[in-house]
**Q** 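This is the structure I have questions about; it appears just below.
Sequence lines set the chain letters: A, B, ... in the order given, protein chains first and strands last, and positions in each chain run from 1.
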Protein chains: 2
Amino acid sequence: MNVPIRKPKTTSGTRSESVYAGLRRAIIEQALMPGDKLPEDIIGDRFGVSRTIVRAALARLHAEGLIDLQPNKGATIAQPSLSEAQDIFETRMCLERQVIARLIEKVTDRDIERLEQHVALEMKANAHDGPAAIRLAGEFHILLAALSGNGVLARYVNEVVSRCSLILALYSRPHSSDCSINEHQQIIDALRARDGRTAIDAMDHHLQAVTDRALLSSNSEKHRDIRSILDRYAS
Amino acid sequence: MNVPIRKPKTTSGTRSESVYAGLRRAIIEQALMPGDKLPEDIIGDRFGVSRTIVRAALARLHAEGLIDLQPNKGATIAQPSLSEAQDIFETRMCLERQVIARLIEKVTDRDIERLEQHVALEMKANAHDGPAAIRLAGEFHILLAALSGNGVLARYVNEVVSRCSLILALYSRPHSSDCSINEHQQIIDALRARDGRTAIDAMDHHLQAVTDRALLSSNSEKHRDIRSILDRYAS
DNA sequence: GTATACATTAATGCATACAATCTTCGAGAT
DNA sequence: ATCTCGAAGATTGTATGCATTAATGTATAC
């Protein structure tokens, strides 16, 4: 055997991959909302594949906590409880602190440049107020984790950040992301200066702000969990 | 065709679950070694299910990093590289520190008792030197994570601990786990005393010991990655 | 008028058939 | 003998059909 060129180590064929990617993007951009049903044949029709492929994609989304999968009842966009939301935020903070700790040691000028470019993208998307703004805000953190060089860490950050989109959709009111972008810039600045203390503080503050925006406004009636609503109207 | 042991009546979803659980245990107990191939037909025969079910189980194992899945070539037990191994250990330490931090706050006497019982199990399994000893050593950490009450954290700890079994199988020599058990006991003692500093130190020391046993003995020719061997004979 | 039982519909659970792809092995040429 | 090409076998990729289950609609009994 010659030099091993690592091929894409993802799951089977690129077909379930594209269904997975499409659904994931729809969820993260909040085109599909928590509680929405995901019938296999409808998805299969839209993507031009059979239910077999769709099921593989759904299984993966389920493994990542983005959808619920009830036996004989099918898939729905996950509705994290407040308790789960707190678990996710706590774990996310734990993981992202480690990301920052690694980046302080090894971040390069080229990395900084990519981060700056990303924030520029965020600002542009924010100006047009497109659905991509939400996604890009999360992808900033995913990019940070990827640049940390620890693939395992990066995968977990990817998951918790994605699930945070669900939490925001459920519990938060429509938010202007301007402050998020400023905070992202602060993190970059601290990384550039190799100032670990400030970088971690900035990340902590940023995540705390996101958490508060999500969980403290949970009085908002935005979520679609009918049961908890009906409970209040049943008596 | 072999006789399907599974009863055909019970609502499925449990079926791929049992295939997943069986394969996972075989991997963690090192009955299946890194690099081994996992043909869908053979697995399906042994478990008395069709390839459809097997593929679901394999997809889940892949999502958890226990098997590699190459397109058109099937599944093999994952062979983490040294780099991946380091990533896993680093992430594991990050996560388990958080587990300890939580437990210091909320661990109950009943929790302590369950942990003590588990260590007793470990000692017994170690005496008989059965394949369960390896698994139980890991499950101590999974139990800790479960008791922490953060389900997300628990899931990630479960994954990294499981993957550590792979790393040990690849790079470590057969180890006596006695010291591990002693270290587990130290962690319990520190938790009982609500001594956070000591508990975290004990966990750090324990994981560092495991890491060293795994990675520093990587000169051992035990692993099956032909390339790294050839590299030393090619020049 | 209400509630229970039954029929209908729709969706998922699963196995299997077939297609696409990789692997192996042998024949023929150099 | 070695290399190349190719055909046969083996394994995975995908679609589809049938069985099973949940959800819904309807009728009948009280």
**Q** So if I apply the side-chain contact (heavy atoms from CB on, under 4.5 Å) rule between B:Leu23 and each of B:Ile28, B:Ile67, B:Leu61, which one comes out positive?
**A** B:Leu61

**Q** Roughly how many Å is it from CG in B:Asn72 to P in D:dA10, rounded to a whole number?
**A** 18 Å

**Q** A:Gln70 has an atom CD; how far is it from atom C1' of C:dA11, in whole Å?
**A** 14 Å

**Q** The side chain of B:Ile53 is closest to which nucleotide in this list: C:dA15, C:dG13, C:dA11?
**A** C:dA15

**Q** Looking at A:Ala57 and A:Val19, what are the two nearest heavy atoms and their distance?
**A** CB-CG1, 3.7 Å

**Q** Expressed in angstrom and rounded to an integer, what is the separation of B:Arg15 atom CZ from C:dT12 atom P?
**A** 18 Å

**Q** Expressed as a whole number of angstroms, how long is the span from A:Ile42:CD1 to C:dA11:C1'?
**A** 10 Å

**Q** Among the nucleotides C:dA11, D:dT11, C:dG13, which one has an atom lying closest to any side-chain atom of A:Lys37?
**A** C:dA11

**Q** What verdict does the side-chain hydrogen bond (donor to acceptor under 3.5 Å, both in side chains) test give for B:Tyr20 and B:Glu64, after you've listed the backbone C-alpha separation in whole Å, the side-chain angles of each residue and the deciding distance to 0.1 Å?
**A** CA-CA 11 Å; B:Tyr20 159 80; B:Glu64 296 177 2; 2.8 Å; yes

**Q** CZ of B:Arg55 versus P of D:dT11: gap in Å, rounded?
**A** 14 Å

**Q** Can you tell me the distance, in whole Å, between the CG atom of B:Asp68 and the P atom of D:dT12?
**A** 14 Å

**Q** At what distance, to the nearest 0.5 angstrom, does CD1 of B:Ile53 lie from CZ of B:Phe47?
**A** 12.5 Å

**Q** Nearest heavy atom decides the nucleotide; on that basis, is A:Gly48 or B:Gly74 closer to the 5' end of DNA chain D?
**A** B:Gly74

**Q** Using the six-membered ring wherever Trp is involved, compare the ring planes of A:Phe140 and A:His184 and label them parallel, tilted or perpendicular (cut-offs 30° and 60°).
**A** parallel

**Q** Okay, side chain of B:Arg102, backbone of B:Ser148: is any donor-acceptor separation there less than 3.5 Å?
**A** yes

**Q** Is there a side chain to side chain contact (heavy atoms under 4.5 Å, CB included) between B:Glu84 and A:Val152 once you walk through the steps?
**A** CA-CA 8 Å; B:Glu84 283 173 300; A:Val152 180; 5.9 Å; no

**Q** Protein-nucleotides 16-18 of chain D N/O pairs closer than 3.5 Å?
**A**
{"unit_1": "D:dT16", "atom_1": "O4", "unit_2": "A:Thr52", "atom_2": "OG1", "d": "3.4"}

**Q** How long is the line joining CD of B:Glu40 and C1' of C:dT21, in whole Å?
**A** 13 Å

**Q** Closest approach to the side chain of A:Lys73, judged atom by atom: which nucleotide of D:dT14, C:dG13, D:dA22 is it?
**A** D:dA22

**Q** What's the CG-P distance between B:Leu38 and D:dT12, to the nearest Å?
**A** 9 Å

